Amino acid sequence: MLVSGKEIFQDAKLRKYAVGAFNINNMEILQAIVEAAEELNSPVFIQASQGGIRYAGLEYIAGMGKIAAAKAKVPVALNIDHGTDFNQVVRCIRHGFSAVMIDGSKLPFEENIAITRKIVEVAHPNDVSVEAELGKISGVEDDVAVAEHEALFTDPDEAYEFAERTNCDALAVAVGTAHGVYRGEPKIDFERLQAISSKVNTPLVLHGASGLADDVIQKAIGYGIVKINIDTDLRIAFSEAVRKVVKEHPDEIDPRNIMGPAKEAVKKVVKAKMHLFGSVGKA
Ligand code: G3H
Ligand code: ZN
């Protein structure tokens, strides 16, 4: 069933687990995620990134996501990931998304607050949850172990003020993770995460969680992370499976025989993450 992200955030915070938020780029990936959630009786976030929306088109993403959620017997939130444009976020709400993320992290503090508040005003009356971001989460080419990035990390006092003034439902924090494939050993600032979660009651979100060691993830959940975003690990699983089929069966021409194993590979990864995050059996 399609539910507001708020419902999932609150349950995860209360019962001290994290919900996986997985990016959807095509039907196979979407089905893999929702089937995994159903088989493990886990709540789940399915989310569309800017690239995903460009690739599939908002109507297709929204349509597929809503169908998958409606058919599922577990709670599913359909989310826009890293929305930066007010109008696009509003379009997503009109298309039936039950959760949105507004990423104003590149903006000055006051402007980030202003755009987040504007989104909250539109989203909440529609029972749509709002995730915001404070501090900048590094991109794929950045080395998060470099100290200069300290300046981009989320400040605990600012996080408190931000959460109070915006009334957002979840807050993505920058504590050392990065999007994409890690080039070095990621160094997570757990002290900072602990300081943020002791000041901020709003559920916290960890982005860039692909490639993190299991113990790092578990520690982060212990320090108050309730939503964990995974995209890269699914891309890797999908692409490796496609490559394997094509290599082993170079004459294969049926897309279903190429994409089918890729879907199963994604499902396996999603299930492993759900076990790790503690969301199994929580639906
Ligand atoms: O918003 C999406 C996630 O933060 C993706 O992170 O590249 O580590 O999978 P990832
Ligand atoms: Zn992210």
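Atom set for the values below is all heavy atoms of this structure, side chains included, hydrogens, waters and symmetry mates excluded. We count ligands from 1, going down the list as the structure has it; atoms in each ligand are counted the same way. Predicted model, so just to flag it, every value in this text is computed and none were measured.
Note: Phe9 and Phe45 meet the aromatic proximity criterion, with ring centroids under 6.0 Å apart.
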Pairwise, report which nitrogen or oxygen atoms of ligand 1 are under 3.5 angstrom from protein nitrogen or oxygen atoms, and how far apart they are.
from	atom 1	to	atom 2	distance (Å)
ligand 1	1 (O)	Asp81	OD1	3.1
ligand 1	1 (O)	Asp81	OD2	2.6
ligand 1	1 (O)	His82	NE2	3.1
ligand 1	1 (O)	His207	ND1	3.2
ligand 1	1 (O)	Asn229	ND2	3.2
ligand 1	4 (O)	His179	NE2	3.0
ligand 1	4 (O)	His207	ND1	3.2
ligand 1	4 (O)	Gly208	N	2.8
ligand 1	6 (O)	Gly208	N	3.3
ligand 1	7 (O)	Gly180	N	2.8
ligand 1	7 (O)	Thr232	OG1	2.6
ligand 1	8 (O)	Ala209	N	3.3
ligand 1	8 (O)	Ser210	N	3.0
ligand 1	9 (O)	Ser210	OG	2.6
ligand 1	9 (O)	Asp231	N	2.7
ligand 1	9 (O)	Thr232	N	2.7
ligand 1	9 (O)	Thr232	OG1	3.4

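Taking each heavy atom of Phe190 and Val216 in turn, the nearest pair found is CZ-O, 3.7 Å. Listed here is the closest heavy atom pair of Cys168 and Thr116: CB-CG2, 4.2 Å. Nearest heavy atoms, Val3 versus Pro75: CG2-CB, 3.7 Å.
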Margin query: Phe97 vs Leu2, test: side chain to side chain contact (heavy atoms under 4.5 Å, CB included). Steps then yes/no.
Written below: CA-CA 9 Å; Phe97 280 57; Leu2 183 69; over 6 Å; no
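Between Glu121 and Arg117 there is no salt bridge, since no side-chain N of the basic residue sits under 4.0 Å from a carboxylate O of the acidic one.
Rounding to 10 degrees gives 90° for the angle at the Zn ion (ligand 2) between ND1 of His207 and NE2 of His82.
At distances below 3.5 Å, not a single donor-acceptor pair connects side-chain atoms of Lys199 with backbone N or O atoms of Glu158.
As for His179, its N/O/S atom nearest the Zn ion (ligand 2) is the one called NE2.
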